[in-house]
Amino acid sequence: MDSLSQQEKRHNRLLHILQYTNVACSVAILCALLFSHYWGFAILMILHYIFFGFVGLAHLLAAAQCYRLSYFFLCITCPHGLLPFTRAWYYLTRSQLLAFQSDKKGTNDTSVLRLAVRVNPADLLTARNRAFFYLHMTAIFYDRGNLEIAQYYYDIALCIARCGDTPPRRGMVVTFDS
């Protein structure tokens with residue numbers, strides 16, 4: 001049990017370091033541009049796109065209710081090369097945008113759940129982000145009329161909000177037809 005918690009701490013430490021590489025990479029890009037190293041600028045821009053994409057920008061635009069522009073930036077981002085926490089935010093933001101569109105149209109879209117299930121909550125860096133994810137899952141299942149699973153995800157979000165940690169799963173299975 002203790003080794004597992006040590007492993008989780010190392011994993012979280014690594015994710016925090018990788019998150020701050022986004023800032024360091026942005027500073028390096030600006031320095032390369034400032035000092036006229038255009039090849040370095042181009043290489044750093046390509047690496048930044050591969051590892052981080054436009055997920056942060058898309059999430060900020062979605063929060064500002066610029067949904068079309070947010071969806072555009074998510075569409076031009078390839079999720080395969082993204083770092084784990086960025087990939088988790090990619091699928092979460094894409095799922096939220098699809099949920100908003102399906103609510104607006106009045107349809108019940110299964111692709112919202114398919115994208116949300118791809119998110120690995122362990123890759124989200126903070127307990128607040130994990131609670132946000134579980135509340136999103138609660139909303140998805142509540143909208144689909146599956147109140148038992150919605151209550152389950154709500155309990156997880158509440159536990160995270162109170163204790164700051166994810167409780168162990170109790171055998172709940174998520175299917176696309178439920």
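Hydrophobic clustering of Ile, Leu, Val, Met, Phe, Trp and Tyr side chains at less than 4.5 Å, counting indirect connections, unites Phe141 with Phe132. Under the 4.5 Å side-chain heavy-atom criterion for Ile, Leu, Val, Met, Phe, Trp and Tyr, Ile50 and Phe85 are members of the same hydrophobic cluster. Tyr142 and Phe100 fall into different hydrophobic clusters, where Ile, Leu, Val, Met, Phe, Trp and Tyr side chains are chained together by heavy-atom contacts under 4.5 Å. Hydrophobic clustering of Ile, Leu, Val, Met, Phe, Trp and Tyr side chains at less than 4.5 Å, counting indirect connections, keeps Tyr154 apart from Leu113. In the hydrophobic cluster analysis, where Ile, Leu, Val, Met, Phe, Trp and Tyr join through side-chain heavy atoms closer than 4.5 angstrom, Val112 is grouped together with Tyr71.
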**OP:** Check the pair Tyr90, Arg94 against side chain to side chain donor-acceptor pair (under 3.5 Å), reporting the backbone distance first and the verdict last.
**Re:** CA-CA 6 Å; Tyr90 171 84; Arg94 188 121 188 210; 2.8 Å; yes
**OP:** Take Trp89 and Leu82 through the side chain to side chain contact (heavy atoms under 4.5 Å, CB included) test and state the conclusion after the steps.
**Re:** CA-CA 10 Å; Trp89 273 109; Leu82 298 175; over 6 Å; no
**OP:** Please test Phe72 against Leu61 for side chain to side chain contact (heavy atoms under 4.5 Å, CB included), starting from the C-alpha separation and ending with a verdict.
**Re:** CA-CA 10 Å; Phe72 169 75; Leu61 288 170; over 6 Å; no
Subject >> Verdict with reasoning, Leu147 to Gln151, per side chain to side chain contact (heavy atoms under 4.5 Å, CB included) >> reply: CA-CA 6 Å; Leu147 300 180; Gln151 182 65 45; over 6 Å; no
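Counting non-hydrogen atoms of neighbouring residues, nucleotides and ligands closer than 6.0 angstrom, the OH atom of Tyr67 exceeds 12 such neighbours.
The hydrophobic cluster of Leu60 has no other members, since no ILVMFWY side-chain heavy atom comes under 4.5 Å of it.
For Tyr49, the ring pair (Phe, Tyr, Trp, His ring centres under 6.0 Å) criterion is met by Phe54, not counting sequence neighbours.
If you take OH on Tyr153 and NE2 on His136, they are separated by 11.0 Å, rounding to the nearest 0.5 Å. Distance CD1/Ile160 to CG/Asp155: 11.0 Å, rounded to 0.5 Å. To the nearest 0.5 angstrom, Arg68 atom CZ is 12.5 Å from Leu97 atom CG. Atom OG1 of Thr138 is separated from atom CG of Asn146 by 11.5 Å, given to the nearest 0.5 angstrom. Taking CG of Leu57 as the reference point, atom CG of Leu74 lies at 9.0 Å (rounded to 0.5 Å).
Using modelled atom types and a 3.5 Å distance limit, the side chains of Arg130 and Tyr134 yield no donor-acceptor pair.
Of the possible polar contacts, none joining the Ser70 side chain to the Cys66 backbone as a donor-acceptor pair under 3.5 Å is found.
Shown here for Pro79 and Arg87, the closest heavy-atom pair between the two residues is O-NE, 3.2 Å.
Contact check for Ile140 versus Ser95: side-chain heavy atoms found under the 4.5 Å cut-off.
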